[in-house]
Structures are given as C-alpha cells and as structure tokens.
Amino acid sequence: MFYLFPFGTVPKSDGVIVYGAGIIGQSFLKQLQATQLVSSIYITDKKITSTKQEGAITFIPEKKLSLLPAHPIVVASLKFGDEIEQRLLQQGVDANRLIKLDTNHALEEGQYDPHSFDWNEYYTNAEGHNEVQFQAYLEPLMQKHNFNLSQVVDFACGKGRIAEILSRLSTSLICVDTSQEAISHCALRFTDKQNVDSRVSDPEKIPVDSNSVSFIYSWDAMVHFDYRSIDYILSEFSRILSVGGYAVLHHSNARGHAEFKADKNWRRNPHCRSEFNADDMHHICSKSGFIVEEQQILDWGIKALDCISVIRKR
Ligand SMILES: C[S@@+](CC[C@H](N)C(=O)[O-])C[C@H]1O[C@@H](n2cnc3c(N)ncnc32)[C@H](O)[C@@H]1O
C-alpha cells in the first residue's frame with residue numbers, strides 16, 4: 001500500500017507538522033521534500049524523545065508540540081487517526097489544524113497502468129487550465145513549426161479540454177482515449193462539431209487508419225507512461241502518421257532526476273511522473289522511425305520534471 005500525502009486538503013501554510021513517524025509518516029516526509037510544498041517540515045509522535053534536525057526536517061517530542069507555530073497537523077495513520085485526533089484535541093490543539101487521512105489516500109500497489117486509473121478528479125480539476133497551458137506550451141510550438149493541421153489526433157484526450165481548442169484550428173480532429181466515459185463525454189462536448197470524431201482506444205492500439213494523420217499531440221497523459229507503453233505507442237504513432245508528419249508529446253523527465261530517485265510505480269513519484277526521460281524518448285524515436293526535432297525540458301512543480309518532444313516521421 002502507498003499512502004499519498006493529502007495535498008488537496010492541507011491549508012496553505014509555510015510549514016507542516018506530520019504526526020506519526022511510522023511508514024506513512026516517512027513516506028509523507030519524502031513527498032513533502034520532493035514537492036517542496038512548505039519550507040518547514042516537523043515530525044512528531046509519542047516515541048520521539050528529543051528534538052533533532054535532519055536536513056530540512058525537525059523531529060520533535062509530542063510534549064513540545066505547543067511550542068511550534070500553529071501549522072496544519074497531518075495525522076499519518078489511518079488505523080489510529082481517531083485516537084490521535086482525540087489526544088491532540090485534549091492537549092488543546094485547534095480542531096481546524098488537524099487533517100486526517102481517509103481510504104482515498106491509500107493506493108493499491110498493483111494499480112500501475114494509467115489506462116486503468118480513475119481520472120475523474122483530474123478531469124474536473126484540470127478543466128479551467130486549458131487555455132493557459134495551450135498558450136504557454138503548445139501554441140508557441142505550433143507557430144514555430146507551422147504543423148499541418150489537416151488530419152489531427154489528440155492522443156489520450158481525456159474529456160477533451162485541449163481538443164476543444166484544437167477543434168477550432170484543425171480541419172479534422174480525432175480524439176482517442178482508453179476511457180469509455182471520457183470518450184462519451186467528448187462525443188457530447190463536440191456534438192455540434194462536424195470536424196471532431198471521438199473514439200475509444202485500446203492501451204496499445206490506436207483506432208486510426210495507417211498513414212492517415214498529419215499531426216499528433218498528447219498533453220499531460222504520457223507523463224505517466226512507462227518505457228514499455230511509450231515504445232508500443234510510438235510504433236502506433238509511426239503507423240498512423242504520414243511521412244513527414246509531426247507529433248508533439250508531453251512526457252516525463254523524472255528518470256535520473258537530480259532531486260529524487262524515480263520509482264518504477266509512477267504513482268509514487270512527484271506529480272505521478274513515470275520513470276522515463278528525454279533520453280529514453282530519443283532512444284525509442286531512433287528505432288521507431290522518428291527524428292527528434294527538439295526537446296524542451298519543463299519545470300512542473302519541480303525543476304526539469306517534464307519534457308515536450310517534437311518528433312517527425314521519417
Ligand atoms: C491525466 S489524463 C489527461 C487527459 C487530457 N490529455 C488532458 O490534458 O486533460 C490521462 C488520460 O490518459 C488516458 N490514457 C491512459 N492510458 C492510455 C492509453 N494507453 N491510450 C489512450 N489513453 C490513455 C486516460 O484514460 C486519461 O484520460
């Protein structure tokens with residue numbers, strides 16, 4: 001089991017106190033350090049008997065908790081969450097400072113594949129960042145390379161937030177995604193657009209004719225794909241693109257990162273990035289019939305976490 005730090009529910013503060021120095025607490029410390037969410041990180045529990053500093057982390061005995069600033073306290077236990085909450089309340093800690101875990105934060109180790117993950121929370125949260133992300137990353141590349149937008153594929157389109165913008169620029173746009181729910185949503189979203197077709201995809205097979213596509217883009221999806229999936233998908237891109245056709249692919253650059261060691265399980269890494277990087281993309285391209293035209297290394301919460309590769313079919 002992997003326990004995700006409750007990023008969405010911790011109020012803004014320049015520090016966080018983690019209560020519980022067990023496996024969950026240790027995992028939270030790693031996630032806090034990797035994401036640099038706060039400048040001060042404290043950890044406390046009954047077993048810590050003296051104050052000590054280890055790098056950015058301060059270990060502090062529970063009895064000294066009242067001496068710390070009133071940062072949010074994240075209870076790093078599912079099993080004993082209620083008990084810890086009661087004890088802290090009895091010590092006079094304000095209930096509003098306490099954040100407890102629920103089962104949503106406990107992730108099954110076996111859920112490795114991005115196509116079997118439930119992206120509904122993402123779809124809701126990401127909507128609203130569409131224009132900003134398009135203007136910051138995709139539009140400058142489109143202006144620079146002047147891609148042929150006659151037959152376009154949005155690979156792993158989700159609920160079509162970026163496709164909405166590309167539908168205004170493309171003669172024909174095919175949206176593909178492995179999620180039936182996302183594709184049904186796209187079908188409704190684009191019901192009035194004659195130039196948009198939405199299709200359910202298999203994880204390693206794209207339902208588009210060979211040599212029929214002039215341009216592929218994929219945004220904020222392949223960042224979670226491992227080497228093997230990208231290898232398979234690049235073969236599919238090579239099959240469906242016409243000679244000279246371009247693809248703009250947003251993917252992970254977490255493997256070999258300067259600030260953390262990427263885990264093979266993408267869900268354990270900062271921003272759920274996969275253990276993959278710009279060099280891996282180069283390698284796969286060279287054996288799948290692509291020329292890498294350019295690679296832009298991007299900061300995504302963390303410096304140099306992502307990459308956009310612009311590739312062209314030979
Ligand atoms: C984080 S969402 C991004 C969606 C969209 N690109 C966006 O920016 O809103 C990742 C999407 O990738 C899809 N996906 C995962 N694996 C896939 C695969 N092998 N082929 C096609 N879609 C896939 C998921 O169903 C999900 O909709």
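Both counts, for ligands and for their atoms, begin at 1 and track the order of listing. The first residue of the sequence shown is numbered 1, and numbering continues consecutively from there.
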Is the contact between F225 and ligand 1 made by the side chain, the backbone, both, or neither, using heavy atoms and a 4.0 Å cut-off?
side chain
Picking from F276, Y122, W119, what satisfies ring pair (Phe, Tyr, Trp, His ring centres under 6.0 Å) with H224?
W119
How close does the nearest protein non-hydrogen atom get to atom 14 (N) of ligand 1, and which residue and atom is it?
T178 OG1, 3.5 Å
Show the nearest heavy-atom pair for residues G158 and C186, with the distance to one decimal.
O-SG, 3.3 Å
Identify, for atom 1 (C) of ligand 1, the protein heavy atom at the shortest distance, and state residue, atom and that distance.
D220 O, 3.2 Å
Around atom 2 (S) of ligand 1, find the nearest protein heavy atom and jot down its residue, atom name and distance.
Y122 CE2, 3.6 Å
Which atoms of ligand 1 sit under 4.0 Å from any heavy atom of Y123?
25 (O), 26 (C), 27 (O)
At less than 4.0 angstrom from any non-hydrogen atom of H115, what atoms of ligand 1 do you find?
15 (C), 16 (N), 17 (C)
Can a non-hydrogen atom of C157 be found less than 4.0 Å from any atom of ligand 1?
yes
Run the ring-ring contact (aromatic ring centres under 6.0 Å, His included) test against F28 and tell me which residues pass, sequence neighbours left out.
F5
Would you say the side chains of Q53 and T58 form a donor-acceptor pair under 3.5 Å?
yes
Non-neighbouring partners of F260 that pass ring-ring contact (aromatic ring centres under 6.0 Å, His included), sequence neighbours left out
H257
Under a 4.0 Å heavy-atom limit, does R161 contact ligand 1 with its side chain, its backbone, both, or neither?
side chain
If only side-chain N and O atoms count, and only distance matters, is there a donor-acceptor pair under 3.5 Å linking H251 with S309?
yes
Determine whether the aromatic ring centres of F147 and Y246 lie less than 6.0 Å apart.
yes
G158 neighbourhood, listing ligand 1 atoms whose heavy-atom distance to it stays under 4.0 Å
4 (C), 5 (C), 27 (O)
Identify the protein heavy atom lying closest to atom 10 (C) of ligand 1, giving its residue, its atom name and the separation to 0.1 Å.
A221 CB, 3.8 Å
Minimum-distance protein heavy atom relative to atom 19 (N) of ligand 1
P203 O, 3.0 Å
Could you tell me if D113 and S116 have a donor-acceptor pair between their side chains, going purely by distance under 3.5 Å?
no
Backbone, side chain, both or neither: what part of S218 comes under 4.0 angstrom of ligand 1, heavy atoms only?
neither
Do you see a donor-acceptor pair shorter than 3.5 Å between the side chains of E275 and W266?
no
For atom 25 (O) of ligand 1, find the nearest protein heavy atom and state the residue, atom name and distance (0.1 Å precision).
D177 OD1, 2.6 Å
Which one holds for W119 and ligand 1: side chain close, backbone close, both close, or neither close, with close meaning a heavy atom under 4.0 Å?
side chain
Please write down residue, atom name and distance for the protein heavy atom closest to atom 12 (O) of ligand 1.
A156 CB, 3.4 Å
I'd like to check whether D154 has a polar contact with ligand 1, where a contact means an N/O of the residue lying under 3.5 Å from an N/O of the ligand.
no
Under 3.5 Å: donor-acceptor pair, side chain of T51, backbone of I60
no
